[in-house]
Structures are given as C-alpha cells and as structure tokens.
Amino acid sequence: MVPPISAIGASTTTGPGVVARIIDEVYELCRADTSGELADYIPELAAVQPDSFGICLATADGRVYGSGDLDTCFTIQSISKPFTYALALADHGTAAMAERIDVEPTGEPFYEISLDPKTQRPRNPMINAGAIAAAGLIEGRDAADRFARIRRSYSRFAGRELKLNEDVYASEARTGFRNRAIGYLLRGAGIIDGDPEEAVDRYFRQCSIDVTCRDLAMMAATLANNGVNPVTHERALTGPLVEQVLSVMTTCGMYDAAGDWVTTVGLPAKSGVGGGIMAVLPGQIGIAVYSPRLDAHGSSVRGVKACRELSHRLGLHFLHVTRAAHTAIRTAYSVAEAPSRLRRDADELAVLREWGERARIFELHGDLLFAGAESTVRAVEDTSGQLEALVLDLREVADVSEIAVRMIDDLQAELAAAGCRVALVDPEAKLGHMTSSLNPNDPRGRVFADRDSATEWCEQLIIDKYRPEDCTPSAALRVEQHPAIADLPEDEKQRLAKEFEIRTIARGERIVARDSPRAGLFLILDGRVRVTFEDRDGLRHRLISLSPGMSFGEISLLTGVQFSNDIYAETTVRLAVLPPDKFDQLTSQAPEVKLALLERLATAAYAQADAAVRALAAHGGV
C-alpha cells in the first residue's frame, strides 16, 4: 500500500532559504501573466480556478521546494502518457513496443487522427494516438485490473496513493469523440488487438487521475533518480526504461513546440491540458508547475515561462553537464574533529573540545552547478542554528555557475544575519572575491588562500566567544614562568633561568634551518613560531605553529639528530635559548634539575607531535 500524502517523509521548504527565495522570485515574476485560455473542450476542466498557480522542485534525494498552490488537486491529463508508456515498456520490452509505437517527433497537434504513412504506427507515445496505443497494451486480468495497475504505477512514482477524479472522467468520456476515432484507427491498423473502446476508456481514466504540483515534482524526481522514489525508496521503473522514457520526453513531450522547448529550457518534459508541466534533469531534480491557462500548443502559459526562468537562473539545461556527482560536498567536519595546525594551550583546547562543533568545515569538489550548490546550501542551512563559524573550501571545485555564486553569496548573508561568519578558501577567486577584497571585520566573513588558516580563524572566533572569564589569552612570559621550568623548586628554577639566553627574532626570519645540527633548547616566551615542510612542488606549508609556553629543539638536543624542518618566526618572537654546551653541563652540575627538565620536555614534545599528526591526518593535505 502506497502511503497517503500525510505520511510522505519528504522535507519541504516553502519559507526562508536560498533555493526557496529563488523559486519565490520566479513565482512572483510569472504570476502576473494571465494570458491563455482554459481547456474548455472538456467541461470539467473549464470549471477550474483559472488563476491557481504553483511551482515545485524536488531533488533526486527527496528535498522539496515550492511556492504557491502546491497541494491543489488537478487531473494529470497528458502528463500521464510517459508513465503509461513506461508501464507498457515494462510489460512488453522496448523491441516489442517499437513494433507498435514509433519514437519520432511529429510537428503536428497532439490530437491529430493519423498514423505514420510509412510505418502505419503512431509516431510517438506522447501524442494521443501513441498514448491510447500504450494504454491498450497494458497487461492485466481484465479492464479493471489493467487500470488498477496504471494507478498503482503512478502512485509508486508519486510516493502516495493517487485516485481517479470521477467527475473529470465522466466529462472526458462524454466528449472524447476524437479519441474514440483514434482508438478505432489503431484497431484497424492492428496496433491494438483488443476492444478499442476499452483502450480509449482506460486512456480517459488515466488522464483523470488527480495529482498535485507536489506529486508531479516527486514523480519527476523519481525519473531523475533513475526510477527510484527518493522518499519511499521504492523502485518505480528500471534504469534502462527510464532512459527510454526520458529520451522520448525530450524529443516529443512538448508536441509541436518540442524544438523551442529543448533549445530554451533543455529538459525532458511533458505538459497536460489540466495545466500541469513536469520536467526532469536526470540525476538531479524534478520540476512541476501548475497553472491551468493554456497556450496554443495546449501547455500552461505560466508553466512554460516558469520552466524557462528556472532553467536559465539555475543553469539546468541538460547539455550543460556537471562532471561530478550532484552533491558537491566531499567531506564535512568540525574544528573539534580536525583542528588547525596552531598548537594551543590547555585552556583554549578545552574551549574547542566543548564548543568546536559550532565551527564546521565543508570541503567541496567537482563542478558547482545548481544541484551541487543546492546540496551544499541545504547541508549548511540544516545545521545553521548551531553554527558560529563556517569554512567553505572551494579549491577542488572546477566550474562554478552564476547561480552557484549567487546561492553562496546569499548563504553568506543569511548566515551573517544569524550571527555566523564564513571563511571562504578560494585562492583563485572562483566566487569573485579576491583574498584581499573583504574587510577583516566584514560580518560575512573572510577569504583565505588555504584551509588551515581559515580553520584557525574559525577556532579563534569560538575561543574568543566561549573562553571563560577567568582564562586569559596567552601572554608574554619570563623565563622562570615558562611551563618547562616553572614547577621546579625556586632555587633550582632561578639557577637554571640564568643559563638561558634571550633572543628576539623578526617576523619571517628563519630561526633554525632544516638539517642544522643540535642548536639548543628553545623556549617560546612571546609570539609564534612556525614549523614548515615543503611539498613535492617545492611549496612551503605549515606543519604546526607553536605559541608562548611551548618549546622546540629538544629532540635534536637529546638525540643528536639534525633538524628535520625549517623553523620560522611567524610573528616577532622572543625566545629563551639554552645552548647545547650549557645543557650538557647539567649532567654533571645539576643532574636532578636536568631530569626534571627532561620529563617536562618529553611530555610537551609528545603533545606537540601528537597534535601535528592529528592535524595532518584530519586535513589530508593543506
């Protein structure tokens, strides 16, 4: 049993949100157009509310966006044709169906009473002749069972149980003389073998099934999702048959306006005289529009206009193909899970452990077109209530569409209004923001050349906000205040402090070169020190940064090995340096002091090495 509409689990966005705002804009743009006429040749269709209007978009993973009359019922009419054709394909296979129905565009009105003069077959399944033929080829025990199979098939695509509109069916049955003529033509040509009245009656019934704009969007999204309903996860059609159906929709779905549609909208689509239009972007989204005023081709005036606007604004033309999956998010994590390479003190680490989930990093990849931007924006918006800071890393993104730029810009403004700042890692300015173009105090955020610097910036935002009042930032130290010797007995501490030399190093100056011999024990009293490495391209990167209260040089001093990395002053740095000869003299002059110093240095060195390894493992790069 397919669930009723109230049981459907799709998440729907009709209010604030980047994508929802775009759909609202298109809705407002098209709503003013009241041209076109109702389908008055079917009496019940002439009685509908002419100004009803809804736009709905469903992604291939089940998120629904919409504006207007999303849940107003209307009859599916000719939008039923691809779905009955799909069921007939499933019953007979593509080869057998090709012997009964061609797949060529006609350039003629959909109601034409004709067959191809050469093949004596309907030219395609999207015109009435082909659709009645498909309805006549549905398998079943009897007429009731055959229609029941059609209705159940449609319901699997929609994700809920759909029902027949008895009034519209009766109205169509009373007035459908042209379609009866087509039925007898098909029977005479041997296209259908049974009673032509039964086939035509089944066609009237399938056209009279009630749907909503939301239903049609989900049916389209099921086709976009290779035949699997993205909410119920029930397969409605096999992948190869989805390809066949979408191919015919592309060339024939919009009747004698198919060529204009493909060039200006570029989506497989089907319209119906009930006022609906359904369009599909394979692998990404389904679109539905409902507005009953029709143009000369029998398609919704507002529907055609809305689809053109959505295709243009969202970059949906199917010949503009993304080179990656529709999701652009390669991975996402918090600063608590993957810290920057700045080695922080115990108080700051405690803040990040408790509050680090409020700063998250999203690494993006592939082509950032509408679907990729939508999945990114949605993932961020779904967690935005818990975010204080966000990193969007675009370095692995190739093509960025105009709509993606707009959506990311809108997201930044939306987050800024909610108190969340955004760090863009975009050294090539793919979003149009140079790394120097944003003021450091811009409420939207900052642009960075690398992810590690962006992560550090986000960490600092969290620390500044949540640091306990009794915890102060790391400040300049005196030698005897450095943690390496601060806990020694007072006389030993003072004695050892006198052995250190105080040095001030300018920002950017190299303190120790790679492959240097043991150079002493360096205690950082003020400023920051950067340990660096070179990648295979010769570019220099930060391995870790050390701040006041930390040390370096102890491994080389103890083991005699050369320094494995270059060490630079990241800021102006004040150091206390114990030369190698002074360190060696401690063995004979104060062995107990040396032992206590070594214990503290070993603990600190292990913590720093562990932090560096965790940062590299978490980032997997720079």
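Worth knowing before you read on, the calculation uses all heavy atoms, side chains too, and leaves out hydrogens, waters and symmetry mates. Because the structure is predicted, anything quoted here is derived from the model rather than measured.
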Those residues that, when tested against F53, pass ring-ring contact (aromatic ring centres under 6.0 Å, His included) (two or more places apart): Y27

Note: S300 and L294 closest approach over all heavy atoms is N-CD2, 3.9 Å

Within the 3.5 Å criterion, strictly below it, is a donor on T84 or Q206 matched to an acceptor on the partner's side chain? yes

I'd like to know if the side chain of D426 reaches the main chain of L431, judged simply by a donor and an acceptor atom lying under 3.5 Å from each other, with no hydrogens or angles considered. yes

Salt bridge between D193 and R100, side-chain N to carboxylate O under 4.0 Å? yes

Carboxylate-amine/guanidinium contact R151 E161, below 4.0 Å: yes

Answer with yes or no whether the side chains of D102 and T119 bring together a donor and an acceptor at under 3.5 Å. yes

Compare all side-chain heavy atoms of L29 with those of R313 and state whether any distance is below 4.5 angstrom. yes

Within a strict 4.5 Å, meaning less than it, do heavy atoms of the Q412 and L424 side chains meet? yes

Side-chain contact test, heavy atoms from C-beta onward, threshold under 4.5 Å: evaluate it for R160 versus R214 and give yes or no. no

Tell me, with the steps shown, if E44 and E172 meet side chain to side chain contact (heavy atoms under 4.5 Å, CB included). CA-CA 8 Å; E44 284 294 321; E172 294 215 25; over 6 Å; no

Just checking, any donor-acceptor pair under 3.5 angstrom between side chains of E363 and Y333? yes

Charged N to carboxylate O below 4.0 Å: is that the case for R378 and E381? no

Side chain to side chain contact (heavy atoms under 4.5 Å, CB included) between C56 and V64, intermediate numbers included: CA-CA 7 Å; C56 197; V64 178; 3.4 Å; yes

Can you check whether V168 reaches Q77 side chain to side chain, under 4.5 Å on heavy atoms? yes

Identify whether the distance between the nearest side-chain nitrogen and carboxylate oxygen of R293 and D51 falls below 4.0 Å. yes

Does any part of the side chain of Y65, heavy atoms only, come nearer than 4.5 Å to the side chain of D24, both counted from C-beta? no

Which atom of L115 lies closest to which atom of L185, heavy atoms considered: CG-CD2, 3.9 Å

For I55 and L70, which heavy atoms make the closest approach, and how far apart are they? O-CD2, 3.2 Å

Inspect the surroundings of CD in E139 and state if more than 12 heavy atoms from other residues, nucleotides or ligands are less than 6.0 Å away. yes

If you count every heavy atom of other residues, nucleotides or ligands that lies below 6.0 Å from H312 atom NE2, does the total exceed 12? no

Could you measure the distance from the OG atom of S153 to the CD1 atom of I138? Nearest 0.5 Å is fine. 8.0 Å

Taking the cut-offs as 6.0 angstrom to the six-membered ring centre and 45 degrees off its axis, would you call R202 and F147 a cation-pi pair? no

I'd like to know if D145 pairs up with R149 as an ion pair, taking the criterion as any Lys NZ or Arg NE/NH1/NH2 lying under 4.0 Å from an Asp or Glu carboxylate oxygen. no

Is it true that E198 and R146 have a side-chain N and a carboxylate O under 4.0 angstrom from each other? yes

Is there a side-chain contact between I277 and C307, using heavy atoms and a 4.5 Å cut-off? yes

Could you please spell out the steps behind the side chain to side chain contact (heavy atoms under 4.5 Å, CB included) verdict for Y154 and V211? CA-CA 10 Å; Y154 293 11; V211 292; over 6 Å; no

Kindly state each residue pair satisfying ring pair (Phe, Tyr, Trp, His ring centres under 6.0 Å) with at least one member in residues 261-306, sequence neighbours excluded. F74-Y290

Locate the shortest heavy-atom distance separating C73 from T212; write the atom from each residue and the value. SG-CG2, 4.0 Å

Is the number of heavy atoms from other residues, nucleotides or ligands under 6.0 Å of E402 CD greater than 12? no

List the residues meeting ring-ring contact (aromatic ring centres under 6.0 Å, His included) with Y203, not counting sequence neighbours, and say none if there are none. none

Distance check, rounded to the nearest 0.5 Å: I403 atom CD1 versus E374 atom CD? 11.5 Å

